[in-house]
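Just so we're on the same page: letters track the sequence lines, and every chain starts at 1. Bear in mind the structure is a predicted one, so any value in this text is a computation, not a measurement.
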There are 2 protein chains.
Amino acid sequence: MNINATSGLAARPPGRPREFEIEEALDKAIVVFSERGYHAASISELKDAMGLAAGSLYKAFKDKKAIFLAAFDRYKQVRNALLEEELAAGGNGRDKVFRMLRFYAEASHGEHGRRGCLVVGTAIELGVYDAEAAERVNRSMARTEALLDSLIREGQTDGSIPQAVDPATTARLLLSVTQGLRVLGKTGPDRDRALSVVDTAMKLLD
Amino acid sequence: MNINATSGLAARPPGRPREFEIEEALDKAIVVFSERGYHAASISELKDAMGLAAGSLYKAFKDKKAIFLAAFDRYKQVRNALLEEELAAGGNGRDKVFRMLRFYAEASHGEHGRRGCLVVGTAIELGVYDAEAAERVNRSMARTEALLDSLIREGQTDGSIPQAVDPATTARLLLSVTQGLRVLGKTGPDRDRALSVVDTAMKLLD
DNA sequence: TTAATTTGGAAACGATCGTTCCCAAATATG
DNA sequence: CATATTTGGGAACGATCGTTTCCAAATTAA
């Protein structure tokens, strides 16, 4: 029996307490990894950005890849929460699809666009050589595709999207549009151009 | 007066002649850079793949970035030639757009898909921090977008694409579809799924 | 109080990075 | 022929990489 389990509060473990918040540090790491990519982001850059000494970093994480994977998971958690919030404000299925595409378009221009998407960056840089990274990328893509699929079906149920639209193939197309926007956003287009792509894509739901 | 200029043939320069073909070596470098990315591709890997000693490599190229940019330019030259060939076999404008999208879809699955696109990889990994790389990426993207635009207009002229289609915004959407397919192809989808995206995108030209 | 444990932070480690140097070989020029 | 020039190839360089080690500080448990 674990006497600590009687309390809902986690008992403070022995030893000197950590002086930084893991999630705050990961938020800084996300910026470095997104802008620079996995290989170009050095431990030196990471520790500076995260405000930690190398020793502290390696007590919190096994190695560089563990930092990266934790940052990836944190990134997905934050972005999923923001997307969920955006979708909750939506009306019918068609409106939710629009909001979702707009969500990606807004992340694909300006400073945010140049910072880049950690999922896309991971797919490009680590997708082939690292199984753990690839699995996370695939899970993320599959989730996005499934979400688009379900929103299209919701639109067909509420009448905002015609029955003639094929949910599966259309979801796959819209997924590739969102990933493509993220690529273009690294070097390129301004807000209006990103949003015009969304408007054009929505014609597939007419 | 340069007496050598009287001949159309390039006069062999003094010194020991190079024993390898630059373009053949670059074709090997393209594979390494595409699969691994710029930073993960080490000089050691590159020289092994290219079949050269480090010294020879640095006599042919100023530094690692010069190797990369030469490989990028070679990649674009080869891919553009293949695309041009594919388009020359096309019928009307609509068919040419289809062939162009299919050209990207075919490069976005299986071994070729996992190898990846050097333009997409460069945008992600170097787009923000290297001006020369960014300029090449932007030139490539702009060229592709302009080509799609012109093919759509061609289709409107020959009657295969409705006048209601807006060439500029549709070209931009199709560009982002092609870039997205390349991202998905790194970890994912099989041939049929890639081609189904193309079929769905073509509905925008109905 | 004492022992055990964990963190903070800096110094140090071996490995690998991109690059340069050096010398023998191969060619053009005089 | 000798000389200048360029390449091939490998050894060597300093810098930086990711990681480990070490010690003082902070905490829990006994």
Rounded interatomic separation in angstrom, taking CD1 from A/Ile67 and C1' from D/dG18:
10 Å
Rounded to the nearest Å, what distance is computed from the CG atom of residue A/Leu57 to the C1' atom of nucleotide D/dC17?
14 Å
Would you please name every residue forming a side-chain contact (heavy atoms from CB on, under 4.5 Å) with [X], sequence neighbours left out?
X        : value
B/Ala201 : A/Leu173, B/Leu101, B/Leu174
B/Ser42  : B/Ser44, B/Glu45
A/Lys65  : A/Tyr38, A/Asp63, A/Leu69, A/Asp130, A/Glu132

Under-4.0 Å salt bridge between B/Asp73 and B/Arg136:
yes
Mapping B/Asp63 and B/Pro13 to their closest nucleotides on DNA chain C, which lands nearer the 5' end?
B/Asp63
Sequence neighbours left out, cut at 3.5 Å: what donor-acceptor pairs do the side chains of residues 84-99 of chain B make with other protein atoms?
residue	atom	partner	partner atom	Å
B/Glu86	OE2	B/Arg99	NH1	3.1
B/Glu86	OE2	B/Arg102	NH2	2.9
B/Asn92	OD1	B/Arg94	N	3.3
B/Asn92	OD1	B/Asp95	N	2.8
B/Arg94	NH1	B/Leu205	O	3.2
B/Arg94	NH1	B/Asp206	OD1	3.0
B/Arg94	NH2	B/Asp206	OD1	3.2
B/Asp95	OD2	B/Gly91	N	2.8
B/Asp95	OD2	B/Arg99	NE	3.0
B/Lys96	NZ	B/Glu154	OE2	2.8
B/Arg99	NH2	B/Ala89	O	3.4

Determine: side-chain N/O of B/Tyr58 to OP1/OP2 of C/dT20, distance under 4.0 Å, yes or no.
no
Going by the rule side-chain hydrogen bond (donor to acceptor under 3.5 Å, both in side chains), which residues pair with B/Ser140 if we only count those two or more places apart in sequence or in a different chain?
B/Lys76
Would you list the pairs meeting side-chain hydrogen bond (donor to acceptor under 3.5 Å, both in side chains) in which at least one residue belongs to residues 174-185 of chain B, sequence neighbours left out?
B/Tyr75-B/Arg182
For DNA chain D, the residues among residues 33-54 of chain A that have a non-hydrogen atom under 4.0 Å from it
A/Ala41, A/Ser42, A/Ile43
Could you identify which residues of residues 15-31 of chain B place a heavy atom less than 4.0 Å from some atom of DNA chain D, listed by residue number, or say none?
B/Gly15, B/Arg16, B/Pro17, B/Arg18, B/Glu19, B/Phe20
For a quick test of your reading: what N or O donor-acceptor pairs under 3.5 Å do the side chains of residues 107-114 of chain B make, sequence neighbours left out?
residue	atom	partner	partner atom	Å
B/Ser108	OG	B/Tyr104	O	2.6
B/His109	NE2	B/Glu106	OE1	3.0

Under 4.0 Å, heavy atoms only, any strand: does B/Lys59 hit a base, just the sugar-phosphate, or nothing?
base
